[in-house]
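Here's the structure we're looking at; comments come further down.
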Amino acid sequence: MNAQDTTSSSPGPGSSVFDPGMTLEQAAHIDLHMHSTASDGRLSPQDVMTLCHQRGLSCAALTDHDTIDGIEAAAHRARALGMTLVPGVELSTRWQGVGIHVVALWHGQAQAPMTALLGRLAHARHERALEIARRLEKVGLDHALERAREQNPDARLLGRPDFARALVDAGLVPDMARAFKRYLGAGKTGDVKVHWPTLEETLESIHKAGGVAIVAHPLRYGLTRRRLGLLLDEFSELGGEGAELISGYQNDDRSRDLASLLAKRRLYASLGSDFHYQGGALAPGTLSAVPRSQLVPIWQHPRLVPAFARP
């Protein structure tokens, strides 16, 4: 269901003007990691912004997977609502055999190095979708690619969630969770490995484009504390600027420990819900408590200060 449309320029219920000088603990009206129908979300870019406004957010970033197709529409709606929209994208990359996601944020238009990287990722995702479809047809999902496309007609690039919804729609599984457990999860039929760009290649493209690189949801990769430290070490050595201190709901003890890992490496801290659809646990702006720390918010990074200015 789409969020209710509105063109009001006044702040939403409970919203306040975004203050770039605020601390992480004061950031109650910001969400820097969300998805739309441009990738695997269920609301259009415009409706994501409308929902953010309704929930009282004053600043948001749209960070679809490997595409910026929704940015222009989201920015237009955000301006109409009096919100600040920061351009972003969640990039697929690899580090020591592990799939890692990096959120890139920037100010202004995407530059050539970024669009070149996105073109490479689009080709990889298209080839993966074709292979997933081929494999799922062998286990009973006829016309798998077309069925997946029907689940998300606005998306240029298809992902595993689209195939999962197609499996549910075809009656092969009762729900999305079962679709991943039986067909699309790690090691299953539809788990197609992709040679994503390396962490170094990804960060190089982000920086050449004038963007800032942020490790997305660092606690979700199943890494030991030692391995997570190694990832953050290499990320920092390659010029990576920040990491998501809070991504949706987190254990408070793990959040405090993550804060110490980021502080040790002098990384900036970002916050995001990783919102995908209405009705789920993670609505825009839904975040666990931010632990006390001396971490500097990502919105105070010199290259991003103009992006967080009032519209």
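- With rounding to the nearest 0.5 Å, the separation of OG in S236 from CG in L262 is 10.0 Å.
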task: Let me see the working for E244 and V215 under side-chain contact (heavy atoms from CB on, under 4.5 Å), right down to the final yes or no.
output: CA-CA 6 Å; E244 289 179 351; V215 179; over 6 Å; no

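- For W95 against I100, the heavy-atom pair with the smallest separation is CB-CG1, 4.0 Å.
- Side-chain atoms of W106 and V86, non-hydrogen and from C-beta on, never get closer than 4.5 Å to each other.
- Under the 4.5 Å side-chain contact rule for hydrophobic residues, L238 and L228 share a cluster.
- Under the 4.5 Å side-chain criterion, counting only non-hydrogen atoms from C-beta, T63 is not in contact with L32.
- The existence of a salt bridge linking R254 and D257 is excluded, since no basic side-chain nitrogen approaches an acidic carboxylate oxygen closer than 4.0 Å.
- Using a 3.5 Å distance cut-off with no hydrogens or angles, the side chains of R77 and T50 do pair a donor with an acceptor.
- For the residue pair E90 / H101, a side-chain donor-acceptor distance below 3.5 Å is found, with atom types taken as modelled.
- Distance alone, capped at 3.5 Å, is enough to place a donor-acceptor pair between the D31 side chain and the H33 backbone.
- No path of Ile, Leu, Val, Met, Phe, Trp and Tyr side chains, each step under 4.5 Å between heavy atoms, connects V194 with F180, placing them in separate hydrophobic clusters.
- Across N152 and T37, no two heavy atoms sit closer than the pair OD1-O, 3.4 Å.
- Closest non-hydrogen pair, S92 versus W196, comes out as CB-CD2, 3.5 Å.
- Using modelled atom types, one finds a donor on one side chain and an acceptor on the other under 3.5 Å when comparing E241 with H207.
- What you find for G56 and H29 is that their closest heavy atoms are O-ND1, 3.1 Å.
- Between Q250 and S255, the side chains place a donor N or O and an acceptor N or O closer than 3.5 Å (distance only, hydrogens not considered).
- Although no hydrogens or angles enter the test, the distance criterion places no donor-acceptor pair under 3.5 Å between the side chain of R147 and the main chain of F163.
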- prompt: Is there a side-chain contact (heavy atoms from CB on, under 4.5 Å) between H107 and R303 once you walk through the steps?
  reply: CA-CA 8 Å; H107 172 60; R303 288 204 300 278; over 6 Å; no

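- Checked by atom type and distance alone, the side chain of W299 pairs as donor or acceptor with a backbone atom of M22 at under 3.5 Å.
- A salt bridge links R265 to D233: one of the charged nitrogens lies within less than 4.0 Å of a carboxylate oxygen.
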- request: Go through the steps to decide whether Q46 and H76 satisfy the test side-chain hydrogen bond (donor to acceptor under 3.5 Å, both in side chains), and finish with yes or no.
  value: CA-CA 8 Å; Q46 300 96 317; H76 180 76; over 6 Å; no

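- Side-chain atoms of R94 do not come within 3.5 Å of backbone N or O of G99 as any donor-acceptor pair.
- Note that the CG atom of L232 and the CZ atom of R227 stand 12.0 Å from one another [nearest 0.5 Å].
- With a 4.5 Å cut-off on side-chain heavy atoms, H35 and D274 count as touching.
- Salt bridge status for E131 with R128: absent, with no side-chain N to carboxylate O gap under 4.0 Å.
- Taken from CD1 in I132 to CG in L145, the straight-line distance is 10.0 Å, to the nearest 0.5 Å.
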- request: With side-chain contact (heavy atoms from CB on, under 4.5 Å) as the test, would you mind laying out the steps for T67 and L118 before giving the verdict?
  value: CA-CA 6 Å; T67 181; L118 292 174; 5.7 Å; no

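- Atom CG of L184 and atom OG1 of T189 lie 8.5 Å apart (nearest 0.5 Å).
- Looking at Q26, its side chain does come within 3.5 Å of a backbone N or O of T23 through a donor-acceptor pair.
- Taking every heavy atom of both residues into account, A60 and M49 meet most closely at CB-CE, 4.2 Å.
- Side-chain atoms of S247 and R220 form a donor-acceptor pair, as typed in the model, at a separation below 3.5 Å.
- At least one donor-acceptor pair closer than 3.5 Å links the side chain of T93 to the backbone N or O of L199.
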query: E201 and R120: salt bridge (Lys or Arg N to Asp or Glu O under 4.0 Å), yes or no, with the steps?
result: CA-CA 11 Å; E201 292 170 328; R120 179 179 172 185; 3.4 Å; yes

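- For the pair L261 and R225, the tightest heavy-atom approach, listed with the atom from each and the gap, is CD2-NH2, 3.5 Å.
- L57 contributes atom CG, which lies 11.5 Å from atom CG of L81 (distance to the nearest 0.5 angstrom).
- Between the side chain of T202 and the backbone N or O of T198, at least one donor-acceptor pair lies under 3.5 Å.
- D191 and K188 are not joined by a salt bridge, as no carboxylate oxygen comes within less than 4.0 angstrom of a charged side-chain nitrogen.
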